[in-house]
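Structure, as structure tokens:
We count ligands from 1, going down the list as the structure has it; atoms in each ligand are counted the same way. All values below come from the heavy atoms of this structure, side chains included, with hydrogens, waters and symmetry mates left out.
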Amino acid sequence: MPMIHFEGRDYFCAEDETILESMTRHGVLIPSSCQSGACQTCMIRALQGTPSAESQKGLKATLKAQNYFLACVCKPVEDMSIGLSKVSPQFTTTVVKKELLNESVVRICLQKPSGFKYMAGQFINVQRAYDELTRSYSLASIPADDVLELHIKRIPDGKMSNWIFDELKVDDEVSFFGPAGDCFYVSGQAEHPLLLIGTGTGLAPLYGILRDVLAQEHQGTIHLFHASLTAEGLYLEQELRELAAKHAHLNYVPCVMHGDVPEGGQQGNIADIPARLIDSLSGYRVFLCGDPMIVNKLRQMSFLSGASMQDIYSDPFVFSE
Ligand SMILES: Cc1cc2nc3c(=O)[nH]c(=O)nc-3n(C[C@H](O)[C@H](O)[C@H](O)COP(=O)(O)OP(=O)(O)OC[C@H]3O[C@@H](n4cnc5c(N)ncnc54)[C@H](O)[C@@H]3O)c2cc1C
């Protein structure tokens with residue numbers, strides 16, 4: 001009889017019993033609703049042991065890659081250790097590089113702490129030591145890098161972003177929790193096209209995803225749209241142009257709402273621009289990051305243009321309360 005280890009205790013699972021049924025029988029409450037693998041309310045994570053294929057049916061590839069599964073349809077065949085929440089460990093490290101990418105975006109590189117593992121495109125929660133103010137920042141680096149790269153935009157009156165711009169310096173200590181987020185590339189279907197759209201520092205996770213995808217030798221066409229109000233808000237233009245020159249299947253399109261349009265760029269509302277270059281998003285994997293309202297619009301646009309909901313990954317940069 002398989003044993004289920006949960007929060008320091010072991011529970012046995014009877015023959016033909018699901019993990020949800022076993023836990024409920026033992027008086028352990030796991031939130032659930034449909035009990036048939038549809039609503040995903042009972043999604044939990046296997047910390048040890050392999051969830052059944054049935055219990056991962058319909059989950060996004062990024063959730064499967066992190067061993068999430070549905071407890072209501074999982075009949076374990078081996079001992080498993082499970083966790084309810086995405087509790088992430090805390091790390092302390094130092095700033096090794098700080099440079100401006102444009103007038104309002106700074107690049108911060110942190111020494112990668114040993115034992116910190118992540119997927120390109122995930123984010124970390126940076127904590128200021130003296131008052132524990134915490135904000136999420138996406139990783140622009142890839143796991144093979146020695147540093148964790150962040151792109152941070154200065155927000156008027158923003159507590160954390162102004163502190164990072166004006167006070168944080170090289171050699172200072174920084175604490176963070178993580179990684180978190182499921183906006184990342186999972187290898188497979190290498191010939192399928194990819195669409196990456198970021199507004200402002202929404203480029204940060206996409207820059208990581210892009211480098212990861214190229215390192216994994218993705219074969220399908222990759223469109224990267226970076227949008228900003230004006231050309232001054234764009235950054236890493238030179239690096240991205242060089243990458244596109246090296247990789248024929250990468251199409252980098254800088255986009256602006258107003259003013260001068262960079263070479264090879266587009267002008268207008270970012271939600272309307274991809275349709276000018278791509279007829280249908282059927283078969284595309286889509287990654288959308290940045291301003292929450294625009295990301296929301298882009299999700300709708302992507303779905304209406306043919307992308308499957310399962311293949312749309314997004315990180316809206318929602319503000320803290
Ligand atoms: C998953 C995730 C990933 C993120 N990744 C990044 C990243 O890679 N780079 C990055 O720069 N930011 C990122 N953010 C946003 C970041 O976490 C902070 O919200 C941002 O830096 C502002 O924090 P602050 O303390 O400076 O401003 P606050 O003190 O929290 O806010 C000050 C005022 O500005 C408003 N405000 C906050 N953010 C914005 C904004 N973007 N635009 C307009 N008004 C705003 C607030 O409503 C408030 O009125 C991410 C957010 C999430 C949820």
For [Y] together with [X], are the ring centres under 6.0 Å from each other?
X	Y	value
Phe116	Phe176	yes
Tyr11	His5	no
His223	Tyr252	no

Short side-chain to backbone donor-acceptor contact, Gln35 and Cys72, under 3.5 Å: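 Such a contact is absent between Gln35 side chain and Cys72 backbone.
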Gln266-Arg276 side chain donor-acceptor pair, cut-off 3.5 Å: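 Distance-only check passes for Gln266 and Arg276.
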Sequence neighbours excluded - ring-ring contact (aromatic ring centres under 6.0 Å, His included) pairs with any residue from residues 184-219: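 The answer is Tyr185-His218.
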Pairs under 3.5 Å, N/O atoms on ligand 1 and on the protein: can you put them in a table with the distances?
residue: ligand 1; atom: 5 (N); partner: Ser138; partner atom: N; Å: 3.3
residue: ligand 1; atom: 5 (N); partner: Ser138; partner atom: OG; Å: 3.2
residue: ligand 1; atom: 8 (O); partner: Ser138; partner atom: N; Å: 3.1
residue: ligand 1; atom: 9 (N); partner: His151; partner atom: O; Å: 2.8
residue: ligand 1; atom: 9 (N); partner: Thr201; partner atom: OG1; Å: 3.4
residue: ligand 1; atom: 11 (O); partner: Lys153; partner atom: N; Å: 2.9
residue: ligand 1; atom: 11 (O); partner: Thr201; partner atom: OG1; Å: 3.2
residue: ligand 1; atom: 14 (N); partner: Ser136; partner atom: O; Å: 3.3
residue: ligand 1; atom: 17 (O); partner: Ser136; partner atom: N; Å: 3.3
residue: ligand 1; atom: 17 (O); partner: Ser136; partner atom: O; Å: 2.7
residue: ligand 1; atom: 21 (O); partner: Tyr137; partner atom: OH; Å: 2.7
residue: ligand 1; atom: 23 (O); partner: Arg135; partner atom: NE; Å: 3.4
residue: ligand 1; atom: 25 (O); partner: Arg135; partner atom: NE; Å: 2.7
residue: ligand 1; atom: 25 (O); partner: Arg135; partner atom: NH2; Å: 3.4
residue: ligand 1; atom: 25 (O); partner: Lys159; partner atom: N; Å: 3.3
residue: ligand 1; atom: 25 (O); partner: Met160; partner atom: N; Å: 2.8
residue: ligand 1; atom: 26 (O); partner: Lys159; partner atom: N; Å: 3.4
residue: ligand 1; atom: 26 (O); partner: Met160; partner atom: N; Å: 3.4
residue: ligand 1; atom: 26 (O); partner: Ser161; partner atom: N; Å: 2.8
residue: ligand 1; atom: 26 (O); partner: Ser161; partner atom: OG; Å: 2.6
residue: ligand 1; atom: 29 (O); partner: Lys159; partner atom: N; Å: 3.0
residue: ligand 1; atom: 30 (O); partner: Arg135; partner atom: NE; Å: 3.2
residue: ligand 1; atom: 30 (O); partner: Arg135; partner atom: NH2; Å: 3.0

